[in-house]
Amino acid sequence: MKRLLLILIAFAAIGFGYSLQAQVVARVEISRDIDTDQGRITPMGDLGVLRYSFLKKKEKGKNVYKVMHFDTNLKLVNSDSVVVERNMSLDDTISHKGVYYSILRDNRDNFTVVGYNPATHRVTTVNGKFRKKASMRNLVMDDSHIVFSSTEKKLDRLGVINLSTGECHYTDMHFKGVRDQNIFILDNVIIDGKIHALVRFGTDVVLMKLDFDGNFVGQPAILTANLTDHHILTASLSKAGGHYFVTGTYTDKERGDATSIAQGIYFGQFNGEAFTFIKFYNFFDLKNFTQYMSEKGQEKIERNKEKAEKKGKTFSQEYSIVSHEIVEQGGNYYYIGEAYHPVYSMGSGGFIYLSRVIAGYKYTHGFIIKFDREGNVLWDNCFPISHKHLPAYVRRFIHARFSDNQVNALYAFEDKLVSKTFDANSGEVVKDRNEEALKTDSDDEKVKDNNNVDVEYWYGNHFLIFGDQLVKKESTKERRKVYYINKFTVNN
């Protein structure tokens, strides 16, 4: 497996005697001779699953982008393809009101938005221009627009794509007296027909409102005007239970910019104009944040905390955290985060010098926090993450679904599935580390090599597991290399 994937799943109506009994109930294979790579998978619940890929075969020198729609038994429902510009690659995907969109970009400022409607099997395309060196992140959309944040060189801007015309325009973020490199769009959402962007400038966070033509609406509001001790580093806006919430990480250091590493997390409610409340939690205020460590490591943390308290200080240790959207369940709220750090190696800069480069990212543990309506911590727990291969970039690996009774953690490690089950009321671990091998749907076959494994929650008690495999048929000794998708069912 080339990268770690962590999946969090909570199953409704599962008793406390839960044990992992899993099996492959459906499977589809695609020859490596047809597609350039394993493609991208998008689960659609009981509508099935989409697979996006590029064909190896070109058409008049241009790329061919393929959309495959499989039902819940992984039987092909529909397959269609579109010809796009050469050197295009899949940048991101997003869905809205039952239509699934993929954004393709090349190195010549071209982009194509491919839409697929699983109800009608209709494929649509919209073409436009967007600078190749500019990033796209924080994608959200309404019926007619895709909105995103972008960074080009040291300038942050908010972009809007008109899905009818393909026109793309953007609004630069400038603040008088603040250098562009110290301005960063943390997140953006669409509320009541207006774009709301949380923008960090220096140590403050400001709320900017814009229309879909990129014009500012009203005056910006400084959300952190009354925060003197904490500086917000990251922010993620999400809607749960009819309310908007902001979560992320913070630092107490005077220089709270993008280069800082977090000392804790915060949880706030946002009414579209200001924070209704915001509460901050040092990582070591959490009861179980260090449980992933060895016993000696935990003892060292406790000694350092005691030393800091004797000096009238608060002990802190810095982490990089991937935050996830807040999930509402039973009137309470769950936060999920993953802790990681970069791993460096020495890379050649030519014949003259060597430079330190990032070889990948090592994830240490994931953690879950349950909050009440006022942002108070009800419980927290964590679980170590084991992996051999370092992901090449930082991303969210966790997908969540919760019941009133339990929270189950499930992640893929090499060719195994590892699970951990928590009591949703107390946060205590109910069941720990049950393993099942990832395999094909035939007893006569053995997986000799399993690479680029990804796992996605699908629906009910079903998962999608996909990647590329070398499979050996035991009876004939025949071997084949395939891209595969497995429907993996976990029963009580």
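Just so it is clear, the structure is predicted and the values come from calculations on it, not from any experiment.
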**OP:** For the pair Thr249 and Thr234, evaluate side-chain hydrogen bond (donor to acceptor under 3.5 Å, both in side chains) and give the outcome as yes or no after the intermediate values.
**Re:** CA-CA 5 Å; Thr249 58; Thr234 64; 2.8 Å; yes

Subject >> Asp444 side chain to Ser475 backbone, donor-acceptor under 3.5 Å >> reply: yes

Subject >> Gly48 backbone acceptor or donor facing Asp71 side chain under 3.5 Å >> reply: no

Original post:
Does the side chain of Asn381 come within less than 4.5 Å of Phe383's, by heavy atoms?
Top reply: no

Original post:
Counting N and O atoms only, with roles assigned by atom type, does the side chain of Asn117 sit under 3.5 Å from a partner on the main chain of His121, one being a donor and the other an acceptor?
Top reply: no

**OP:** Please find out if less than 6.0 Å separates the ring center of Tyr116 from that of His69.
**Re:** yes

Original post:
Sequence neighbours excluded, which residues qualify as side-chain contact (heavy atoms from CB on, under 4.5 Å) partners of Val82?
Top reply: Tyr65, Val84, Val114, Val123, Thr125

Subject >> Tyr334 and Ile368, any side-chain heavy atoms less than 4.5 Å apart >> reply: yes

Subject >> Heavy-atom donor-acceptor pair, Asp187 side chain to Leu237 backbone, under 3.5 Å >> reply: yes

Original post:
How many angstroms lie between atom CG of Asn188 and atom OG of Ser149, to the nearest 0.5 angstrom?
Top reply: 3.5 Å

Original post:
Which pairs with one or both residues in residues 42-57 pass salt bridge (charged side-chain N to carboxylate O under 4.0 Å, His left out), sequence neighbours excluded?
Top reply: Asp35-Arg51

Original post:
Any chance NZ of Lys154 has more than 12 other-residue heavy atoms, nucleotides or ligands included, within less than 6.0 Å?
Top reply: no

Original post:
Taking only residues two or more places apart in sequence, or in another chain, which ones meet Arg32 in a salt bridge (charged side-chain N to carboxylate O under 4.0 Å, His left out)?
Top reply: Asp468

**OP:** Rounded to the nearest 0.5 Å, what's the gap from CG on Asn332 to CG on Leu378? Could you check?
**Re:** 5.5 Å

**OP:** List for me each residue that meets ring-ring contact (aromatic ring centres under 6.0 Å, His included) alongside Phe284, sequence neighbours excluded, and say none if there are none.
**Re:** Phe315

Original post:
Centres of the Phe267 and Tyr335 rings: under 6.0 Å?
Top reply: no

Original post:
Between His365 and Phe289, does the ring centre distance come in under 6.0 Å?
Top reply: yes

**OP:** Mind checking ring-ring contact (aromatic ring centres under 6.0 Å, His included) for Tyr459 and listing every partner two or more places apart, or none if nothing turns up?
**Re:** His462

**OP:** Not counting sequence neighbours, which residues clear side-chain contact (heavy atoms from CB on, under 4.5 Å) with Ser79? List them please.
**Re:** Lys66, Met68, Leu76

Subject >> Set of residues satisfying side-chain contact (heavy atoms from CB on, under 4.5 Å) with respect to Thr93, sequence neighbours excluded >> reply: Arg40, Thr42, Tyr52, Leu90, Ser102

Subject >> Candidate pair Tyr363 and Tyr340, rule ring pair (Phe, Tyr, Trp, His ring centres under 6.0 Å), full reasoning >> reply: CA-CA 4 Å; Tyr363 285 70; Tyr340 68 92; 5.5 Å; yes

Original post:
So, for Tyr483 and Thr36, which heavy atoms are closest and what is the spacing to 0.1 Å?
Top reply: OH-O, 3.6 Å

Original post:
Donor-acceptor pair, Asn486 side chain versus Phe488 backbone, under 3.5 Å?
Top reply: no

**OP:** For the residue pair Gln263 and Thr251, confirm or rule out a side-chain donor-acceptor distance under 3.5 Å.
**Re:** yes

Original post:
Has Lys487 got its NZ or CZ under 6.0 Å from the middle of the six-membered ring of Trp458, at an angle within 45 degrees of the ring axis?
Top reply: yes

Original post:
Roughly how far, to the nearest 0.5 Å, is OG1 of Thr421 from CG of Asn405?
Top reply: 12.0 Å

Original post:
What's the spacing between Thr112 OG1 and Tyr101 OH if we round to 0.5 Å?
Top reply: 14.5 Å

Original post:
Is the backbone of Phe70 close enough, under 3.5 Å, to the side chain of Lys75 for a donor and an acceptor to pair up by distance?
Top reply: no

Original post:
Do Ile103 and Ile94 come within less than 4.5 Å of each other through their side chains, counting heavy atoms only?
Top reply: yes

**OP:** Output yes when Lys472 and Glu478 qualify as a salt bridge under the 4.0 Å nitrogen-oxygen rule, no when they do not.
**Re:** no

**OP:** Start with the C-alpha distance between Tyr333 and Phe402, add both sets of side-chain angles, then the distance that settles ring pair (Phe, Tyr, Trp, His ring centres under 6.0 Å), and finish with yes or no.
**Re:** CA-CA 10 Å; Tyr333 302 93; Phe402 300 85; over 10 Å; no

**OP:** Nearest 0.5 Å please: distance from the CD1 atom of Ile30 over to the CD1 atom of Ile485.
**Re:** 5.0 Å

**OP:** Using a 4.5 Å cut-off on heavy atoms from C-beta on, say whether the side chain of Leu163 contacts that of His145.
**Re:** no

Original post:
What are the two closest heavy atoms between Phe111 and Lys129, and how far apart are they?
Top reply: CE2-N, 3.3 Å

Subject >> Test salt bridge (charged side-chain N to carboxylate O under 4.0 Å, His left out) applied to Glu299 - qualifying residues, sequence neighbours left out >> reply: none

Original post:
Is the side chain of Gln291 donor-acceptor paired with the backbone N or O of Cys382 at a distance under 3.5 Å, no angle test?
Top reply: no

Original post:
What pairs meet the salt bridge (charged side-chain N to carboxylate O under 4.0 Å, His left out) rule with one or both residues in residues 98-115, with sequence neighbours excluded?
Top reply: Asp91-Arg105

Original post:
Judged by atom type as modelled, is there a donor-acceptor pair below 3.5 Å linking the side chain of Ser150 to the main-chain atoms of Gly159?
Top reply: no

Original post:
Does a donor on one side chain sit under 3.5 Å from an acceptor on the other, for Glu338 and His324?
Top reply: yes

Original post:
Within the distance-only criterion (no hydrogens, no angle test), does the side chain of Arg200 pair as donor or acceptor with the backbone N or O of Leu233 below 3.5 angstrom?
Top reply: yes

Original post:
Step by step, would you call Tyr266 with Tyr281 a ring pair (Phe, Tyr, Trp, His ring centres under 6.0 Å)?
Top reply: CA-CA 6 Å; Tyr266 65 90; Tyr281 297 95; over 10 Å; no

Original post:
Taking atom types as modelled and ignoring hydrogens, do the side chains of Asp404 and Gln329 form a donor-acceptor contact shorter than 3.5 angstrom?
Top reply: yes

Subject >> Close side-chain approach of Arg27 and Tyr484, heavy atoms under 4.5 Å >> reply: yes

Subject >> Beyond-backbone contact of Ile369 with Ile265, side-chain heavy atoms, under 4.5 angstrom >> reply: yes

Subject >> Nearest-0.5 Å distance, OG1 of residue Thr165 to CD of residue Glu167 >> reply: 5.0 Å

**OP:** For residues Met136 and Asp92, determine if any side-chain heavy atom of one lies less than 4.5 Å from a side-chain heavy atom of the other.
**Re:** no

Original post:
Would a distance-only check, ignoring hydrogens and angles, find a side-chain to backbone donor-acceptor pair under 3.5 Å from Ser403 to Gln406?
Top reply: yes

Original post:
Do Arg480 and Glu29 meet the salt-bridge criterion of a basic N to acidic O distance under 4.0 Å?
Top reply: yes

**OP:** For Arg137, enumerate each residue passing the salt bridge (charged side-chain N to carboxylate O under 4.0 Å, His left out) test, keeping only those at least two apart in sequence or located in another chain.
**Re:** Asp156

Subject >> side-chain contact (heavy atoms from CB on, under 4.5 Å) against Ile190, all qualifying residues, sequence neighbours excluded >> reply: Val140, Asp142, Val147, Phe212

Original post:
When the aromatic ring centroids of Phe245 and Phe371 are compared, is their separation below 6.0 Å?
Top reply: no

Original post:
Do Val49 and Met44 have side-chain heavy atoms sitting under 4.5 Å apart?
Top reply: no

**OP:** Could I get the full list of salt bridge (charged side-chain N to carboxylate O under 4.0 Å, His left out) partners for Asp143, not counting sequence neighbours?
**Re:** Lys97

